[in-house]
Structures are given as C-alpha cells and as structure tokens.
Peer 1: 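My questions all concern the structure below.
Each chain gets a letter, A, B and so on, in the order its sequence line appears, and its residues count up from 1. Just so you know, these numbers use all the heavy atoms, side chains as well, and skip hydrogens, waters and symmetry mates.
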Number of protein chains: 2
Amino acid sequence: MVTLKDVSREVGVSITQVSRALAGYPDVKEETRQRIVEASERLGYRPNALARGLKTGRSGIVAMVVPGDWAVEESTVLLEIVTGLSTEISGRGMRFVLHVAAPGEDVREAHDELIRGGGIDGFVVIQPARGGALIKGLAKSGIPFVVHGNPGSGAHPHVDIDNAAVGADLLSRLLDLGHRRVLFLNGPKGALFAEARDEGVAWALAGAGLGADTVRTEHGPMTETQGREATRSALRRPDRPTAIMAGNVMLARGVYDAAAAMGLRIPQDLSVLAHDDGLRGYEPEGFVPVLGGTRSPLAAAWVALADALKARIEHGEASIENRILPHKFNAGGSTSEIQG
Amino acid sequence: MVTLKDVSREVGVSITQVSRALAGYPDVKEETRQRIVEASERLGYRPNALARGLKTGRSGIVAMVVPGDWAVEESTVLLEIVTGLSTEISGRGMRFVLHVAAPGEDVREAHDELIRGGGIDGFVVIQPARGGALIKGLAKSGIPFVVHGNPGSGAHPHVDIDNAAVGADLLSRLLDLGHRRVLFLNGPKGALFAEARDEGVAWALAGAGLGADTVRTEHGPMTETQGREATRSALRRPDRPTAIMAGNVMLARGVYDAAAAMGLRIPQDLSVLAHDDGLRGYEPEGFVPVLGGTRSPLAAAWVALADALKARIEHGEASIENRILPHKFNAGGSTSEIQG
DNA sequence: GTTTAAGTCCAAATCGTTTCGGGTCGCATG
DNA sequence: CATGCGACCCGAAACGATTTGGACTTAAAC
C-alpha cells in the first residue's frame, strides 16, 4: 500500500505537508503542491480509510439494515433501493455496508451491533414503522441517519414524496373525467405510504363533494398478480368500476393484462392511472396505450437520501432538513372521459 | 464510545491485559479475566473496528462490486445473491460492502479504488467473464477473493455447481422416458454456466447414441416471459417437442403458463423438467403438477463462498480450494413416459 | 535596525488496538 | 544464597492519517 510516508519521501517534504497539500490547505507553496499531487498520482496514493477514520472519527462508511424476511413481492423495490442507494453513496466517496439480517435476527439489535463496533458514520433507514422504536433508538444513540418514507411521529430527517397529494391527484383526474365508480389498488394495509394515499383520496372526494362510495379501495401487495386478480374480480361485479387507479406500475401491468383477457379496451372501456416510481422494467411508455398517472422516480430519493446523510454526517443537525420530493403528472393515453 | 482504556481504568489493570484477556491469551490470571470480561460487558465495550483494522491489517470488511447496468430479468437472482451473501458474511462477524457501479463506471476500476483505499479484506466476484481480466487483476494485486461460478481458465478459488452434469442429468431422465424431441431452454449465449450445460447435453446425447437433432436448444434470458414465448412458438411447430427442459424455475413457470394457455396438460401432453436454484417465490412444490428436476439451492453457494473467503483471508492460499456443490434430482409429477 | 507579518514548512501528539519485549514476584532447585 | 522458572503483568512501539503549535525565512513596516 502507498502511504503518505512514501509520497513524502518521494517528494522530499514532510508527511504533514503532503497531507495538507492534498487536503487543500493554503499554507503549501503552489509549486510544492504540484510536485506532491504529481507524485501521489504517479505512485497511486489513496488515503487509508481505516487510518483516516480512526483519526477523524469518520470512516466514510454508511450502513443499511434490511430485515431478513423480505417477501418475494417486495423484491423489485428492494433491489431498486439497494442498488440505487449503493450507487449514490459510492458516488459520493463513501462506502455502503449492507447488512441483511438473518431470519429471526432483530433489526434494532443489528443496528446496535454495527454502532458499537464503530466505523459506521450513519444509517439509511427504510420502511419505517409507525411506532418508530428503531428510529427513536437511533436518535438516542446520536448517530446520524436519514429515513426513506415519512415515519410520522417526531421530526426526524427523512425524504419522501407527498403520498396524500399523489392519491388526491390521481383520483381528481379521474373525477374530472366524469368517473364515479373508481377502484383504487393501494399498497398493503399497515404501510404508512398507503395510508397517506387513502387520506389523499378522501380529500379529493371531499373536495368534489362526493361520497365515500365513489371509490372502492383494495389494500394488498403491489404486484402484477394482485393487480390482475383484483381487476378481474372487480370487473365481474355488477357495479363494475369505470376507472382504476393503481398504486404502482406493477399493479397497473396486472390491470392491463386482466382487461385484455376480458376483452375490455383501455381507455374506451376502462380508464387506468397509476403512480410510477420509475421502476426498471416497468416503464409506462411500454404500455399500450401509454399508461398515465403521477410520476416521481425513486432514483431521486436515493440522491436526496445520500445528500442528506452526507450533510448530516459532515455538518450535524444544522444540515438541511426533510425533503418532500415533487411528482409530475403525465396524462398518457390510458384514460377517457366517461360518457354521461 | 467505550474503549480499552475505559475498561482498563475500571478494572485497574493495563490496557495490554484487557486486550489480551479478551483475546484469550493464556497469561492472564483467570480471576482477572473474569473481572475484565464482566466490566467490558457492563460498559458495553466493543473493539473499534477501525483501530483494530489499522493495526492488524484486517478490517473485517469484504466487498462485492455489481455492474450498474444489470437488466430487469436478472433482478430476481441479483437480489438473491446480494441478500444471501450479506447474510452469510454478517453471520461470520464480517461486514459486507456493496458497491453498485454507476452506469458507465468500470467494474475493474471500482475494485481497484476499493483496494487502494484500504480497509477491504477481500472480494466476492460474481458472473465471471471468460477472459477473466478482472480475476487476473485481483490475483495480481494479491487480495483474497472467491468467485461464484467457474471462470474456466486459471485455478482461482471458486464455488459452483457442476453445470455440465445438470444439463446431462436433466436430458438423460427425459431420454430414459423415451422422449426424442426435446426443447432445452438454456441461459443466455455468452454465459459460462449455460455453455457448460450445453456441453452436458451433448454428453448425454452421445452417451445415448442419439443425434444432435434430438434436442433443440434455445438461448435467452431466464424469465417467465421467455419461457412462455419460447414454449408457445415451439409447440406451434409441426415437429413440436414432447418434453421441455428449463434452465431454471422462472423459465418453467412460463412453460407451464404457455402449456395451460394452449390447452396442453402436463405431464400427459408435455413433460417438463427444470433446474431449481431455490429462488424465493419459485418453489417447484407450488406448481401443479409438482415440477421435477435437478435442485441445488443458491443459498448453499453463499455459505460456501463466505466460508471460503473467510478462510482465505485468515489462512491465505493454504485454505480449502474450489468447491463444486452437489445437486439432487427430484422426479416431481411433471414428466411421463412417452407412448409408442 | 528592529518589529511584524506573511509565507512555508515540520515535529510530535493523537485516534484505539495489538504485540513485542521486557518486568516483578514467589517458589522450588541446586 | 544464587539461579531458574512459571505465572502475571505492563510500557512502549507500531499501524497511517490529521492537526496543533510552533520554527524558520523573507520582506514589508516602523
């Protein structure tokens, strides 16, 4: 390994000067700095992460703990999370430790172990639960962390989209088109983002002066299968919906499939909107007709999370606070006005 | 943070003695050791990973680099890899750094950067390419690593299954049942494991004294869609196959779907066998009829890889060498003897 | 000519751990 | 009484980086 000492010997200056030159301190003669930079590049010097971490108290390593019992239907999103975060964190010169808990291993315990062992600068927390015991624990330990999703209680640093607004937006568009029997395929019951979307749907209904029976909400896993099955059974009912709003594009895929299987045309016979997280392999443009709806790529969340965590680590509490990411609406070609 | 100094002050012995007591050296009086252990537990002492790493040259961190441009169809397996490895590595007291390259970032370069920065004890390499430039580079740098899959050239530590045997096994069973028109849905063209399976198929044919036209091989992504499409078009041909062997269970899922859609019964009208990697959400027992074939859970590979890497790090070259994991055959209910 | 300031530079301390090379004490051995 | 040995113990030197608190030189200011 090439160390500061090697470079300093090569250039003929002290270790101090090499360190300061590379760190950009002003008290190094420009010509000396150049020689140092040249030599350190030539030798392939990289500061030793361990040594630096030991001295500065920062290792440049952030960690994320994933529960070991993730379900198949979460895999698409989980992979998106893991790869997205890893890329963004690496891109900022930090390292990303992924700790997938063993089956039965407690997630809080895993965080604790990582903290105690030292060398972890901060955490990314995903899928916060309502109670937030994990988050409270982290906050108490004083280690920097950012949360993806809104943990509700407490003012902890997090990034999220405005899920209530997404729910309201999707429904409003459909109501504006005249739809009065809408099926909402939402996420699972306990999930906070799903509840926020329910809330948004309620707002939109209230805003339009319509009754709660205008939309029927189905909670469940966000998969193609679920979309297909829920659509199929809904379309069989006498009061079948004229429009479906799907919580994500995977659900929408199932909706399209079911509609096709039953010989219904989109948008003539059925309007569809969905929220698009920008999942790889599920591009709305790949749908025929193009799927419309709200869009807020998860990728933006990884960027925001990485930025926020880095700021938090480097500048402490003082750094930027929560970020609510924007979403856009694309009409697509999957909706039509209802005929009176 | 609780340090050795804190414990030593608490107990009233030197830092040296605390360190040695905890590390299990014999020259610490038993009674002293007990007091030390008790105190360090009471205070919650954990050795600082950075400091230890700096001193010993080992950080307890292993890394894996994943190319940034993974395709959707690889996501199931990729997530399996990432979570499986993370769990096994964590379970052995090491930490797992996941570096997902940015789009356009070179994988070899990423390895180099990680090595130069120090603090990485070893690597897990997946999906080796034939040329093996990456592996050669790692070998030259002297850092411990293990490879998942057989890189072919060179004797580098790896764990894999006997893919040729898998190919031969699957085909032999079908031949034994009398099938003479077999469709083989294999992995993508360039993949080494797929080529090994092709080889195994060739062996089996040669062994049975049959011509190459007995089996038609289709190379492609290992997805449900691919299985469905390939099956559909194959079954439409005049010389349609009486049996299909699928490279994995996802392909088999597509085969089942296509067969059902075309009104063909398994196993009466079509025999199916597949290799089962033990992918979450794709259990052969979930098929009707139960899918038969070879089985070798990927989970076993993560265990073997983690063990091998740990041994390699701790004991160097001297440690155990390559492991070829076994596979079993389960008949299932998806095959039948061919009539006439 | 003496102070002062700016511009460069460096020795040494520090982070927390491991480990080498001694110490000290008591007791048996010659 | 010296010696040797075993059982315990500890100081100090690393590991590689950052950072503090100067030192030295030169030139400007008084």
Side-chain angles (χ1 to χ4, degrees), chain A residues 1-37 39-40 43-61 93-95 115-121 313-314, chain B residues 1-37 39-40 43-61 93 95 114-121 313-314:
Chain A
M1 194 187 356
V2 185
T3 71
L4 277 185
K5 204 201 291 198
D6 299 322
V7 180
S8 81
R9 191 182 320 114
E10 178 84 6
V11 180
V13 296
S14 74
I15 291 179
T16 306
Q17 284 308 89
V18 179
S19 174
R20 297 179 75 81
L22 264 24
Y25 281 73
D27 63 345
V28 181
K29 205 208 297 189
E30 189 47 36
E31 183 257 336
T32 312
R33 178 197 312 286
Q34 308 223 338
R35 281 182 20 239
I36 290 175
V37 168
S40 65
L43 300 181
Y45 168 77
R46 286 288 176 294
N48 181 294
L50 261 34
R52 167 179 285 181
L54 180 59
K55 177 61 185 153
T56 62
R58 281 201 240 121
S59 60
I61 298 181
M94 304 184 286
R95 289 172 177 181
I115 293 175
R116 282 220 208 75
I120 302 282
D121 287 351
I313 290 170
E314 288 171 1
Chain B
M1 194 190 353
V2 185
T3 71
L4 278 184
K5 205 201 293 197
D6 298 322
V7 180
S8 81
R9 191 182 317 116
E10 179 83 6
V11 181
V13 296
S14 73
I15 291 180
T16 306
Q17 283 309 90
V18 178
S19 174
R20 297 178 73 83
L22 263 24
Y25 281 73
D27 63 347
V28 180
K29 206 210 294 188
E30 188 49 33
E31 184 256 334
T32 312
R33 178 196 312 286
Q34 308 223 335
R35 278 175 30 232
I36 289 175
V37 168
S40 66
L43 300 181
Y45 169 77
R46 286 288 177 294
N48 181 294
L50 261 34
R52 167 178 287 179
L54 180 58
K55 180 63 190 155
T56 62
R58 280 202 239 122
S59 61
I61 297 181
R95 288 172 177 180
L114 284 168
I115 294 176
R116 283 220 208 77
I120 303 282
D121 288 350
I313 290 170
E314 288 172 1

Peer 1: Estimate the overall bend of the helix from C/dG1-D/dC30 to C/dG30-D/dC1 from the end axes over five pairs each, rounded to 10 degrees.
Peer 2: 80°
Peer 1: Can you name the side-chain hydrogen bond (donor to acceptor under 3.5 Å, both in side chains) partners of B/Gln34, sequence neighbours left out?
Peer 2: B/Glu30
Peer 1: How would you list all residue pairs meeting salt bridge (Lys or Arg N to Asp or Glu O under 4.0 Å) that involve residues 13-22 of chain B, not counting sequence neighbours?
Peer 2: B/Arg20-B/Asp27
Peer 1: Which residues satisfy the side chain to side chain contact (heavy atoms under 4.5 Å, CB included) test with B/Ala21, sequence neighbours excluded?
Peer 2: B/Val28, B/Arg33, B/Ile36
Peer 1: What's the separation between atom CD in A/Gln17 and atom OG1 in A/Thr32, rounded to the nearest 0.5 Å?
Peer 2: 7.5 Å
Peer 1: Roughly how many Å is it from CG in A/Leu50 to C1' in C/dT17, rounded to a whole number?
Peer 2: 11 Å
Peer 1: For a 4.0 angstrom threshold against heavy atoms of chain A, report the outermost contacting nucleotides of DNA chain D in 5' to 3' order.
Peer 2: D/dG16 to D/dT20
Peer 1: Rounded to whole Å, how long is the line connecting atom CG of B/Leu4 with atom C1' of C/dC15?
Peer 2: 13 Å
Peer 1: Once you apply a heavy-atom cut-off of 4.0 Å, does B/Ser19 come out as touching a base, just sugar-phosphate, or nothing?
Peer 2: base
Peer 1: Rounded to the nearest 0.5 Å, what separation is found between the CZ atom of B/Arg9 and the CD1 atom of B/Ile15?
Peer 2: 9.0 Å
Peer 1: Just by distance, do the side chain of B/Arg35 and the backbone of B/Gly12 share a donor-acceptor pair under 3.5 Å?
Peer 2: no
Peer 1: What one-letter contact string describes nucleotides 5-14 of chain C from 5' to 3', where B marks a base within less than 4.0 Å of any protein heavy atom, S marks contact via sugar-phosphate atoms alone, and - marks no contact?
Peer 2: ---BBBBB-B
Peer 1: Please name all residues satisfying side-chain hydrogen bond (donor to acceptor under 3.5 Å, both in side chains) with B/Thr16, sequence neighbours left out, ordered by chain then number.
Peer 2: none
Peer 1: Using distance only, find each side-chain donor-acceptor pair of residues 50-59 of chain A under 3.5 Å and give its atom names and separation, not counting sequence neighbours.
Peer 2:
{"unit_1": "A/Thr56", "atom_1": "OG1", "unit_2": "A/Arg52", "atom_2": "O", "d": "2.8"}
{"unit_1": "A/Thr56", "atom_1": "OG1", "unit_2": "A/Arg58", "atom_2": "N", "d": "3.1"}
{"unit_1": "A/Thr56", "atom_1": "OG1", "unit_2": "A/Arg58", "atom_2": "O", "d": "3.2"}
{"unit_1": "A/Ser59", "atom_1": "OG", "unit_2": "A/Ile61", "atom_2": "N", "d": "3.1"}
{"unit_1": "A/Ser59", "atom_1": "OG", "unit_2": "A/Gly119", "atom_2": "O", "d": "2.5"}
{"unit_1": "A/Ser59", "atom_1": "OG", "unit_2": "A/Asp121", "atom_2": "OD1", "d": "3.2"}

Peer 1: Yes or no on side chain to side chain contact (heavy atoms under 4.5 Å, CB included) for A/Ile115 and A/Ile120, after CA distance, side-chain angles and deciding distance?
Peer 2: CA-CA 6 Å; A/Ile115 293 175; A/Ile120 302 282; 5.9 Å; no
Peer 1: Once side-chain hydrogen bond (donor to acceptor under 3.5 Å, both in side chains) is applied, do any residues pair with B/Thr3, and if so which ones, sequence neighbours excluded?
Peer 2: B/Asp6
